[in-house]
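Please read these numbers as outputs of a predicted model, since none were measured by experiment. Throughout, protein chains are lettered first and strands after them, A, B, ... in sequence-line order, and every chain is numbered starting at 1.
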Protein chains: 2
Amino acid sequence: MSDADDAFIRQSFDLIDGLDSLSDPLDVQKTIFDLVARCGFSYFAITRLPQPGERIGPNLLLSVWPEGWLSHYDRVGHYRHDPVVRHCFRTTEPFAWNEVPHEPDHAPQARRVMEEAREHGMGAGYCVPIHDAHGFQGGISLAGERIEMTPRVRRAIHLLGLYAWSAAARTTARHRKPGGRLLSARERDVLSFAAQGRTREETADLLGLSVETVSTYLRNARSKIGTRNTTHTVIEALRLREIVL
Amino acid sequence: MSDADDAFIRQSFDLIDGLDSLSDPLDVQKTIFDLVARCGFSYFAITRLPQPGERIGPNLLLSVWPEGWLSHYDRVGHYRHDPVVRHCFRTTEPFAWNEVPHEPDHAPQARRVMEEAREHGMGAGYCVPIHDAHGFQGGISLAGERIEMTPRVRRAIHLLGLYAWSAAARTTARHRKPGGRLLSARERDVLSFAAQGRTREETADLLGLSVETVSTYLRNARSKIGTRNTTHTVIEALRLREIVL
DNA sequence: CCCGGTATCCCCGAAAACCGGGAGGGCGGC
DNA sequence: GCCGCCCTCCCGGTTTTCGGGGATACCGGG
């Protein structure tokens, strides 16, 4: 309830109001970093959730991050064990790194991730998970040697993070695939029916095609996505947003 | 940037700070309603997303909502066409009802929903969609005859909505199903492998079972969920949160 | 003008999944 | 102690899917 808190909250709201007008991702980055730096953070990053097997690097939307940490993180494969990432799957509320509950299963690797982060100057951090209609999508990470925030400031950063994500996604949108759908319309059609448990024959009837055509679409979809059977293809197509529901 | 805005923002943050200490859902309801009433809203509701075929009624966590509207809404089946609900699937940012883009497909029914809402005293509204690691979960709706909010107030309500959701979910948690899983552990195991494209034989090897056993689990899962084949079962099990990823 | 992608159809043999039975043992509740 | 559920295995027959070959046609870009 201090004046400092109020000032920070006001600045956060002003920043959010201003984000809409920015079109250069670097402007977004600078604007946000300038503000969070004021509460003790030395680093920050806005990142998408990488696909399994993918690295974090190409999924960073914006970042001011310790030299070398990222490549090390990817090389060692920390991502799979990072307790902060794992916690993002479980919570929508922002959290400080040291508040993440321990998972006995991953304890040794998890501890290693956090220790190595500390060695890179990130002894403490704060993370705002981002979720949308399709689930966990990414997050905003803030880190530094030591951090202290009042609950009110944490809330302001929560809100800031949500809008920062939108702004980062919007301003870096040009990097995304152009119209780039992997599957054709028909392939998506048959997969949608498959997801409803339809056989090829039913799908053929419903779409007015021959069973062979439906089979061809399923086969092509399999080979495009690189999946093993229809079930696998449907799941992956869903993850890739090629089909919905 | 007005004083009124600042006051509202401060009150919102105070309210959020106070939510943690409430344990009675009615306290949460009253606390929030008192605040939103001050910016012209006569009604508000916090609701889970109903499963397909389910009604909204039992999914309301908290609500101050026009008499009769809810039962009418359920009876007529407005839910399927409600453009506000549909928009929640597409956006994470809060929005005013009149900002929802038109969907040509649903135009007649969608218009009807909005007109009937207006007749029930809800000529305008504001909605905060709630998404978690599993996607769109529900939302906070605010409504009244007419509303006007500055961007800053909208942001404050955004944040308020997120924490109100947590508080509502927490305080009404006792209503939820006790441990109620539909599938057995083994059934979930085999479905998880199926989702990765494994054949029954591979799954059997991986789990150290016979193919017949795996088949039995798949069969039982099918009959429990009421699905038509493995693909369908996996998709439904995913929707029912029986399996993840 | 050719190439790549899409949309549509065809065939066939092999592999996998599905169906509807059984069956035995364990474990927890009423 | 019985009933219900879970875990595990088995069988025989039917349906569906998979894999790998085809084919024809359209359409748009380099």
Side-chain angles (χ1 to χ4, degrees), chain A residues 174 176-244, chain B residues 176-245:
Chain A
R174 53 191 163 71
R176 302 300 306 279
K177 43 189 177 183
R181 269 202 164 31
L182 183 54
L183 301 181
S184 76
R186 275 317 205 189
E187 285 154 359
R188 276 178 268 126
D189 286 344
V190 297
L191 285 178
S192 297
F193 281 112
Q196 294 161 26
R198 306 287 186 177
T199 66
R200 292 145 124 102
E201 201 170 7
E202 287 174 324
T203 301
D205 285 350
L206 289 162
L207 291 176
L209 301 172
S210 83
V211 182
E212 283 77 18
T213 308
V214 174
S215 297
T216 305
Y217 291 143
L218 287 173
R219 186 164 12 127
N220 291 341
R222 263 201 311 279
S223 83
K224 277 180 180 176
I225 309 190
T227 43
R228 311 167 54 129
N229 55 36
T230 300
T231 301
H232 196 192
T233 311
V234 168
I235 295 287
E236 286 303 306
L238 222 37
R239 271 205 335 108
L240 295 169
R241 310 270 180 92
E242 292 286 340
I243 60 174
V244 285
Chain B
R176 301 299 306 279
K177 45 186 175 185
R181 266 200 163 42
L182 182 54
L183 300 181
S184 76
R186 274 316 204 193
E187 285 155 359
R188 276 179 267 126
D189 286 344
V190 297
L191 287 178
S192 296
F193 281 113
Q196 294 161 25
R198 307 285 186 178
T199 66
R200 292 145 124 98
E201 200 170 7
E202 288 173 324
T203 300
D205 286 348
L206 258 6
L207 291 176
L209 300 172
S210 84
V211 182
E212 283 77 19
T213 307
V214 174
S215 297
T216 304
Y217 292 143
L218 287 172
R219 188 165 10 131
N220 291 341
R222 265 202 308 280
S223 83
K224 276 181 180 177
I225 309 191
T227 43
R228 312 171 53 137
N229 54 36
T230 299
T231 302
H232 195 193
T233 311
V234 167
I235 296 287
E236 286 304 305
L238 223 37
R239 270 205 336 109
L240 295 169
R241 311 274 178 86
E242 293 284 342
I243 59 173
V244 286
L245 241 176

### Message
Categorize Arg200(B) for me: base, sugar-phosphate, or nothing, with a 4.0 angstrom heavy-atom threshold over every strand shown.
### Response
base
#### Entry: Gap between atoms NE2 and P, on His232(A) and dA16(C) respectively (whole Å)
16 Å
### Task
Report yes or no: is there a donor-acceptor pair, N or O only, under 3.5 Å between the side chain of Thr230(A) and the base of dC18(D)?
no
### Task
Nearest whole angstrom, please: distance from the P of dA7(C) to the CG of Leu207(A).
12 Å
### Query
Hey, does the side-chain of Ser210(B) have a donor or acceptor N/O within less than 3.5 Å of a partner on the base of dC10(D)?
no
### Atom-pair distance (CG on Leu182(B); C1' on dC6(D)), nearest Å
14 Å
#### Entry: Atom pair distance, as rounded to whole Å: CD in Glu242(B) and C1' in dC6(D)
15 Å
### Task
Using whole Å, report how far CG of Asn220(A) lies from C1' of dT17(D).
15 Å
### Task
Answer yes or no: does a side-chain N or O of Thr213(B) lie under 4.0 Å from OP1 or OP2 of dC10(D)?
no
#### Entry: First encountered from the 5' end of DNA chain D, between Asn229(B) and Glu212(B)
Glu212(B)
### Task
Go through the steps for Phe193(B) and Thr199(B) under the test side-chain contact (heavy atoms from CB on, under 4.5 Å), then give the verdict.
CA-CA 8 Å; Phe193(B) 281 113; Thr199(B) 66; over 6 Å; no
## Note on the structure
Regarding the side chain of Leu218(B), the nearest nucleotide among dC18(C), dC10(D), dC11(C) is dC18(C)
### Query
Could you state the CZ-P distance from Phe193(B) to dA16(C), rounded to the nearest angstrom?
17 Å
### Task
Return the nearest nucleotide to the side chain of Arg186(A); candidates are dC7(D), dC11(C), dT8(C).
dT8(C)
### Message
Go through it in stages, so that I can follow the logic: the residues are Ile235(A) and Leu238(B), the test is side-chain contact (heavy atoms from CB on, under 4.5 Å), and I'd like the CA-CA distance, side-chain angles, deciding distance and then a yes or no.
### Response
CA-CA 10 Å; Ile235(A) 295 287; Leu238(B) 223 37; 3.6 Å; yes
### Query
Which whole-number value in Å describes the distance from Arg228(B) CZ to dT17(D) P?
11 Å
### Task
Round to the nearest Å and state the distance from Glu202(B) atom CD to dA15(C) atom P.
14 Å
#### Entry: Residue whose nearest DNA chain D nucleotide is more 5′ - Thr199(A) or Arg219(A)
Thr199(A)
### Task
Measure the CG-CD1 distance between Leu191(B) and Ile225(B) for me, rounded to the nearest 0.5 Å.
6.5 Å
### Query
Under 4.0 Å between a side-chain N/O of Tyr217(B) and OP1 or OP2 of dT8(D), yes or no?
yes
### Task
Show the numbers, then the answer: is there a salt bridge (Lys or Arg N to Asp or Glu O under 4.0 Å) between Glu202(B) and Arg228(A)?
CA-CA 12 Å; Glu202(B) 288 173 324; Arg228(A) 311 167 54 129; 2.2 Å; yes
### Query
Regarding Thr230(B) and Thr233(B), is there a side-chain donor-to-acceptor distance under 3.5 Å anywhere?
no
### Query
Looking only at side-chain N and O atoms, does Thr216(B) come under 4.0 Å of OP1 or OP2 in dT8(D)?
no
### Task
State whether Arg222(B) places a side-chain N or O below 4.0 Å from either non-bridging phosphate oxygen (OP1 or OP2) of dC19(C).
yes
